[in-house]
Amino acid sequence: MIATAIAHPNIALVKYWGKREHSLNLPAAGSLSVTLGPMCTRTRVSFGVAERDSFVLNGIAQSEKETARISRFLDLIRAMAPRAGFATVESSNDFPTAAGLASSSSGFAALALAASHAAGLDLDHATLSVLARRGSGSAARSIDGGFVRMAAGIKLDGTDAFATPIFGPEHWNLHVVIAVTTEKSKDVPSTDGMNLTQRTSPYFGAWIGTVEPAIETASAAIAARDFERLAEVAEASALQMHASAMAAVPGVIYFNGTTIDVVHAVRAMRVRDGLPVFFTIDAGPHVKVFTLADSVAEVTRRLTEIPGVVRTIHATPAPAARIVERVA
Ligand code: PMV
């Protein structure tokens, strides 16, 4: 069987940073995100025709190390569908990996969906989100579209650590302008950064204490389409996550000089000029700037003028992951 799936990346408004268990990839706290398009990952999986797993990304056969990560993930599928043999996985992102758009979120969501269908499994929503989580924590959230809440869960087997959509993409016409601050991609991988933070940062416990209240505030702000309230809680979550990471030993610093310049420019746009705008930053130096439809052109223009901003990428809330092709 062959199946092709499409999934969109997501950006967290309340961040995930830290694990309560490593082998099952269980988050130490919840998170809250918005799934974004038009950019997407498209992944085609066929089982049973090859003599070993292969993984082609953007037309390039991937290294043994990259393929091994995919194979370990496919083993989870084979454990549920023992008749599925080796797989051929072809994946492409229509956005640059260096854009800091968490290609692992759309990547493992698309792979979970395509591979489970290709193996003849029809997994329920929670099981699919749990499966995607095993590939990458943020991928659990890209199974859904729009505004998504991820539960940390309390069960040892992780079956309660999955994402749930809270509002569809049509609920609120938010816009995101991503200020790309370098074309290089050599950040500390998110898992390494969060593990070091958890092991060595004296602020890790304090950080985790901020998460659930922030999720409640952010959910209420999204429900009420209250931009100012969301701005406050989302910026705080991003900075609190980064503060905990910077306090690790050695400190994990994802910002470059331009990151800081963009942060100040966004603050000035909001506080001095009254534009609806706020920022968030993930495990890389790019700045994701949220705004509303009427201000997209102005915000984009101003971001582009900041020295060091290489280019901008525009995104809006997108739908859930879906199957686009199935061949028996
Ligand atoms: O899904 P991972 O393991 O790449 O971790 C994502 C971590 C952040 O992007 C920094 C935050 C988040 O919640 O997406």
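These numbers were taken from a predicted model, which means no experiment stands behind them. Order of appearance sets the numbers: ligands from 1, and atoms from 1 within every ligand.
- Across Arg267, Arg229, Lys288, a single residue satisfies salt bridge (charged side-chain N to carboxylate O under 4.0 Å, His left out) together with Glu235, and that is Arg267.
- A salt bridge links Glu216 to Arg149: one of the charged nitrogens lies within less than 4.0 Å of a carboxylate oxygen.
- Taking only nitrogen or oxygen atoms, main chain and side chain alike, Arg141 reaches within less than 3.5 Å of ligand 1.
- For Ser31, the heavy-atom gap to ligand 1 stays at 4.0 angstrom or more.
- In summary, the atoms of ligand 1 found under 4.0 Å from a heavy atom of Ala283, numbered by their order in the structure, are 10 (C).
- Which parts of ligand 1 touch Ser190 is read off a 4.0 Å heavy-atom cut-off, strictly below it: atoms 2 (P), 3 (O), 4 (O), 5 (O).
- For Glu325, the salt bridge (charged side-chain N to carboxylate O under 4.0 Å, His left out) test picks out Arg44, with sequence neighbours left out.
- When the shell of 6.0 Å around OH of Tyr203 is examined, it contains 12 or fewer heavy atoms from other residues, nucleotides or ligands.
- For Arg326 and Asp122, the salt-bridge test fails: no basic side-chain N is under 4.0 Å from an acidic carboxylate O.
- Distances below 4.0 Å separate heavy atoms of Ala12 from the following atoms of ligand 1: 12 (C), 13 (O), 14 (O).
- Of the polar atoms of Ser136, at least one N or O is found under 3.5 Å from an N or O of ligand 1, judged by distance alone.
- Every residue was checked against the salt bridge (charged side-chain N to carboxylate O under 4.0 Å, His left out) condition with Asp94, not counting sequence neighbours, and none meets it.
- The closest approach between Met194 and ligand 1 falls below 4.0 Å for a heavy atom of the residue.
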Using the side chain to side chain contact (heavy atoms under 4.5 Å, CB included) rule, take Leu13 and Phe290 through it: C-alpha gap first, then chi angles, then the decisive distance, then the call. CA-CA 10 Å; Leu13 293 161; Phe290 281 72; 3.7 Å; yes

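- Close contacts of ligand 1 with Gly137, meaning ligand atoms under 4.0 Å from a residue heavy atom, involve 1 (O), 3 (O).
- The pair Arg270-Glu228 does not count as a salt bridge, with every side-chain nitrogen at least 4.0 angstrom from each carboxylate oxygen.
- Remark: ligand 1 atoms within the under-4.0 Å shell around heavy atoms of Ser104 are 4 (O).
- The heavy atom nearest to atom 6 (C) of ligand 1, considering only Tyr16, Phe108, Trp17, is found in Tyr16.
- Annotation: Ser138 places an N or O atom under 3.5 Å from an N or O atom of ligand 1; distance criterion only.
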